[in-house]
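Input: a single structure, listed below in structure tokens.
Scope of the values below: all heavy atoms of this structure, side chains included, with no hydrogens, waters or symmetry mates. These figures come from a predicted structure and were not determined experimentally. All chains are named by letter (A, B, ...) in the order of the sequence lines, taking the proteins before the strands, and each is independently numbered beginning at 1.
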Amino acid sequence: MSIKPRLSRGLRDLLPDTMLARQRLIDTVREVYETYGFAPLDTPAIEYLDVLSGSAGAEAQQSIFRVSNPEEEELGLRFDLTVPLSRVVSQYPEVTLPFRRYQVSQVWRADKPHPGRFRQFTQFDLDAVGAPCGTADTEILAAICDSLSAIGVGPYEVRFSSREILNLLLRHASISADRAEDVFRVLDKLEKIGIEKVKLELTNGYRDESGDMIPGLGLGDDQVSAIERFLSIQGTDRGDVLQQLRSLFADIETSAEQLDVIESISSDLDTLGYGSDRVALDVSIARGLAYYTGPVFEAVLLDAPQFGSVFGGGRYDNLVARFGGPPIPATGASLGVDRILAAMEHLGKVRPAKTPAEVLVTVMDGGLRQECLQLAFELRRAGIRTEIHVGSGRLGKQLKRADRLGIPYAILMGTNEAEQGVVTLKQMEVAHQAGGAITQHEDWKAARFGQREVSRADIVQTLASLLGRD
RNA sequence: GCCGACGUAGCUCAGCCGGUUAGAGCGCCUGAUUGUGGAUCAGGAGGUCGAUGGUUCGAAUCCAUCCGUCGGUACCA
């Protein structure tokens, strides 16, 4: 009885083509984060259940993967990187605050999988722990922009708001604080379901297309119209939005002071060249997370909005205090690596290659095997990613392999070349462009698409130059 | 979690009011072509028809349950 090769739902293998794109993405973002002077951290996948679950409600605990060990301790897989970070900061007094760290790691959630959403996925987080509201939040927003620019996924929009703005709304609309989470959750759906359904969900609920009853929150008409007035605050300019907020909340004593904090971040961003065209102050941003206390952030790709937010984050000034000790203010953001890769693939921004190799050195003549091997190592020592043919098989099979794996160049060195002290350099893609009309295979072969002879002595330099390595 | 649809080859699917050995296209492998990838041609591998139980002389086909996938919805730290 053989075992069927398979994976549990929501899990997947990352094959070489996926891994190559992923590693390039991660390298790019890491470079940005390190430019900001953030330091790397890694923590175990497994944490004590009480460490994980303190910040989460009963419902949230259901999506934690439980883990067992020989000691039968209560353990689980981490569901984000923020909670482990809070633990680390609390556990190691020697960590110097502010602790500015990045971490790229897998996390696990036992939710129902959706397209682009898995039970094991990767987050790339950037956080500053021990940093009060202000400069640190500006930096996080700027780093989000720089990361998205560096990745090259096309136009994007970073949106931010603040839990404090939303709290002002609650006061303005006379909504009690214990309804805050329910209200925020509905507001967060604005972009997805539209203002009319948001209003229904705030009041009496509605029946959706599938016949499901969506329960309402039972707010009054005055409260809903106050919320609607708030949500109608939209502007292409952060200054405009702030001005509208100031006038809407003018009746609330502390509002000016609270809005000054947002204005300061906005002004920082202006000074640094992050204009309203890519960092918008969007009052409908709420973020589902209960632990956010100040500015909240997200980012969407304008060419692929259906993928949702690729960055999410915010300020969480109370999370670290869970582990005892004084409150430590913190802010950060998380890049959804799997989600942004899915979007890039959708946008055709992922180069389809199944190997990092740039050159395949073919081996046609067993007598020249060692010469071919020497050439391959010369290329490698020059920093050129080189595969040498290691199996049996005719030249055709070797070239087919280069084609299949997406290796752009092949080197042919048989007796003909060896006698003349040259090698044949073949650029694989040429035949795809030039050979389409040829119907006779003999003609196809005779065309020698993309080939030229290069002196054996010059081939390393020639390839280095072609690949931009010189 | 709830509602609905659907599970047949690696992929997309046909077959299904029960009736011999279950098909196609694409992909894969081999060869024509041991110094040339594509196209073309010839050949080949690959399926306990999601699983289990039931009805029947006989089940991919009908029934039940379970599992899984997809869509919607809820949740999303």
Gap in Å between the two C1' atoms, one belonging to B/U33 and one to B/G38, rounded: 14 Å
Verdict with supporting geometry, A/Tyr156 and A/Asp303, side-chain hydrogen bond (donor to acceptor under 3.5 Å, both in side chains): CA-CA 8 Å; A/Tyr156 56 86; A/Asp303 288 342; over 6 Å; no
Provide, to the nearest angstrom, the distance between the CZ atom belonging to A/Arg119 and the C1' atom belonging to B/U69. 13 Å
Give the rounded distance in Å between these two atoms: NE2 of A/His432 and C1' of B/A39. 12 Å
Tell which nucleotide pairs with B/C41, taking only Watson-Crick or G-U wobble pairs whose two distances are both under 3.5 angstrom. B/G31
Give me the distance, rounded to whole Å, that separates B/C11 from B/C67 when you measure between the C1' atoms they each carry. 22 Å
For atom P, what is the distance between B/G50 and B/A14, given to the nearest Å? 13 Å
Footprint string (nucleotides 30-36 of chain B, 5' to 3'): B base within contact, S backbone only, - free, heavy atoms under 4.0 Å: SS-BSBB
With a 4.0 Å cut-off on N to O distance, would you call A/Glu387 and A/Arg401 a salt bridge? yes
With respect to the phosphate group of B/U73, does any side-chain polar atom (N or O) of A/Lys189 fall under 4.0 Å of OP1 or OP2? no
pair_partner(B/G19), Watson-Crick or wobble, both distances < 3.5 Å, evaluates to B/C57
With side-chain hydrogen bond (donor to acceptor under 3.5 Å, both in side chains) as the test, would you mind laying out the steps for A/Tyr36 and A/Glu139 before giving the verdict? CA-CA 8 Å; A/Tyr36 278 70; A/Glu139 279 198 296; over 6 Å; no
Is A/Arg380 salt-bridged to A/Glu378, cutoff N-O under 4.0 Å? no
How far does the C1' atom of B/C49 sit from the matching atom of B/G68, given to the nearest Å? 16 Å
How far does the C1' atom of B/U69 sit from the matching atom of B/G44, given to the nearest Å? 32 Å
A/Phe118 CZ to A/Arg12 CZ distance, which is reported to the nearest 0.5 Å: 3.5 Å
Considering only atom C1', compute the distance from B/U61 to B/G18 and round it to an integer number of Å. 6 Å
Any side-chain heavy-atom pair from A/Ile165 and A/Phe230 closer than 4.5 angstrom? yes
Could you tell me how far B/G47 sits from B/A51 if I compare only their C1' atoms? Round to whole Å. 16 Å
By the Watson-Crick or G-U definition, both distances under 3.5 Å, B/G7 is matched with B/C67
Across all strands, who's sitting opposite B/C49 as a Watson-Crick or G-U wobble pair, both distances under 3.5 Å? none
Mate of B/A74 where both pairing distances stay under 3.5 Å, Watson-Crick or G-U: none
If I pick the P atom on B/G23 and the same atom on B/C6, what distance separates them, to the nearest angstrom? 26 Å
A/Glu453 vs A/Thr424, test: side-chain hydrogen bond (donor to acceptor under 3.5 Å, both in side chains). Steps then yes/no. CA-CA 5 Å; A/Glu453 289 189 348; A/Thr424 297; 4.5 Å; no
